[in-house]
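Notes for the one structure printed next.
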Amino acid sequence: MATTAPTGSPLSQPSLTHPPPPRKLTTVKVLSESPGLSSIPSIYTFPKQTYHEPVSDTKEPIPTIDFSLLTSSHPDQRSKTIRELGIACRDWGFFMVTNHGVPERMMKAIIEVCREFFELPEEEKRGIGGKHVLDPIRSGTSFNESVDEILCWRDYVKIFQHPEFHSPNKPPSFREIALEYSKRVRLVAREIIRGISESLGLEKDYIDETLNLENGLQLIAANLYPPCPQPELAMGLPPHSDHGLLTLLIQNQIGGLQVQHKGKWVNIDPIPNSFLANIGDHIEILSNGKYKSVLHRAVVNNRDVRISIAVPHGPALDAIVSPASKLVEIVGNPPAYGAMKYKEYLELQQGSMLNGKSSLERIRNGV
């Protein structure tokens, strides 16, 4: 004889005991190559009022830092460039870096080998990807597809380069190219960070030594933004700031990066053989808010594939980051941020949806 489950029992509420199956996700590359694709699935549609503010037509140029002058043996030239670097960090948070010494052939090679990675069969890419932010190699789509309510029009691979070097096995040339490139870029980044340290009135090696940059985290984050049939509805990446200290970015001469400047979105056009640099949340923390990490976003288009290679540089994973004591000893300038281990901040930011500077706001000291 059939029985009736009591009200409130698990048997009477099957929807509570049988959660819906997880979303079956594909890469954006596969989706974009679907025959006859003329519109995007609703899961990729961002709310207009939040993410699609108009772009400013400002003609104010983004600052440019000549790296050869930053490392000059002439004290006057170097001092002048450090002042310019400080102004760029204060007013923009972004700047171009020219005459950096990284060969153009090397920059082109890393873009090309990352393109080859994205063209690998889907099962091969899925086979190498970790899921946790501290896994040394992660390949996937969107930002964090396990929690994102709306998916980004973007595929990625993120690979730890330092203090331990990692590389996927395919393409075969990836390891050699990435190793050479990451070593050269790390030298540039550490020199810029020394300049930033001095521009704050700190010792040249204060940041380097305090945050143990000898063992600092460096990774390659390669992004693929395929053509999108409805670019006005999608986002490559929504507005966010970067973790860490300094990110150096190159791209394949297809624009798409926009930076928030003076409350407006500004297109940043790629300049051949230069880096686009931006300071991260941990420079904002260390400077006690004198320099602020800046919101930026990636928009997409309906014609071209955009590839960008970002190389973030951060403290050592176990370094505790807090405002520099010299910058909080000033009367009336109390610490604006709580101290936090870099590893914990990474887990905080990368374990949730990308949402502006929400992670940084969570460690502000009530200001």
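This structure is a prediction, so every number in the text was calculated from the model and none was measured.
- Counting all heavy atoms, side chain and backbone alike, P61 lies closest to W92 at O-CZ2, 3.8 Å.
- A donor-acceptor contact closer than 3.5 angstrom is absent between the side chains of S308 and Q251.
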- Verdict with reasoning, E180 to R105, per salt bridge (charged side-chain N to carboxylate O under 4.0 Å, His left out): CA-CA 12 Å; E180 184 182 18; R105 61 159 181 83; 3.5 Å; yes
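- The side-chain heavy atoms of S199 and Y291, taken from C-beta on, include a pair separated by under 4.5 Å.
- Between L257 atom CG and N267 atom CG the span is 8.5 Å, to the nearest 0.5 Å.
- Residues E60 and K262 are paired through a salt bridge, judged by an N-O separation under 4.0 Å between the basic side chain and the carboxylate.
- R78 and E198 are joined by a salt bridge, as a carboxylate oxygen and a charged side-chain nitrogen come within less than 4.0 angstrom of each other.
- At a threshold of 4.5 Å between non-hydrogen side-chain atoms, the residues V185 and I220 do not count as touching.
- Under the 3.5 Å distance criterion, with hydrogens and angles disregarded, no donor-acceptor pair is assigned to the side chains of S39 and Q230.
- Annotation for E344: atom CD counts as buried by contact number, over 12 foreign heavy atoms lying within 6.0 Å.
- Relative orientation of the Y342 and H282 rings is perpendicular, given thresholds of 30° and 60° on the angle between their planes.
- Salt-bridge formation is detected for the pair E33/K29: a Lys NZ or Arg NE/NH1/NH2 atom is positioned less than 4.0 Å from an Asp or Glu carboxylate oxygen.
- Annotation: cation-pi geometry satisfied between K158 and Y156 (NZ/CZ under 6.0 angstrom from ring centroid, within 45° of ring axis).
- With a 4.5 Å cut-off on side-chain heavy atoms, E116 and F174 do not count as touching.
- Residues meeting the side-chain hydrogen bond (donor to acceptor under 3.5 Å, both in side chains) test with S173, sequence neighbours left out: none.
- Separation of atoms CG (L219) and CG (L346) is listed at 8.5 Å; rounding is to 0.5 Å.
- Aromatic ring orientation, F94 versus H296: perpendicular (interplanar angle above 60°, classes split at 30° and 60°).
- Checking side-chain atoms of W153 against main-chain N and O of P226 turns up a donor-acceptor pair under 3.5 Å.
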Listing, residues 313-324 side-chain donor-acceptor contacts under 3.5 Å, not counting sequence neighbours, or none:
| from | atom 1 | to | atom 2 | distance (Å) |
| --- | --- | --- | --- | --- |
| H313 | ND1 | L246 | O | 3.4 |
| H313 | ND1 | V311 | O | 3.0 |
| H313 | NE2 | Q218 | NE2 | 3.1 |

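- Of the N and O atoms on the side chains of Y345 and D281, at least one donor lies less than 3.5 Å from an acceptor on the other residue.
- When only modelled atom types and interatomic distance are considered, E122 and T27 share a side-chain donor-acceptor pair under 3.5 Å.
- The backbone N or O of M106 lies less than 3.5 Å from no partner atom in the side chain of R184, so there is not a single donor-acceptor pair.
- H100 and V97 get closest at one heavy-atom pair: CD2-O, 3.4 Å.
- Between K343 and E347 there is no salt bridge, since no side-chain N of the basic residue sits under 4.0 Å from a carboxylate O of the acidic one.
- Between M96 and L276, the shortest heavy-atom contact is SD-CD1, 3.4 Å.
- The main-chain N or O of I307 is found under 3.5 Å from a side-chain atom of N252 such that the two form a donor-acceptor pair.
- Under the side chain to side chain contact (heavy atoms under 4.5 Å, CB included) criterion, E104 pairs with K108, N273, not counting sequence neighbours.
- Connection of I254 to I62 is not established within any shared hydrophobic cluster, with ILVMFWY side chains joined at heavy-atom distances below 4.5 Å, either directly or through further cluster members.
- Proximity of a side-chain donor or acceptor of K125 to a complementary backbone N or O of F118 within less than 3.5 Å is detected.
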- Item | Derivation and outcome, salt bridge (charged side-chain N to carboxylate O under 4.0 Å, His left out), residues R194 and E209 | CA-CA 10 Å; R194 291 186 182 104; E209 293 175 357; over 6 Å; no
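- Side chain of T71 to main chain of F67: a donor-acceptor pair is present (N/O by atom type, distance under 3.5 Å, no hydrogens or angles).
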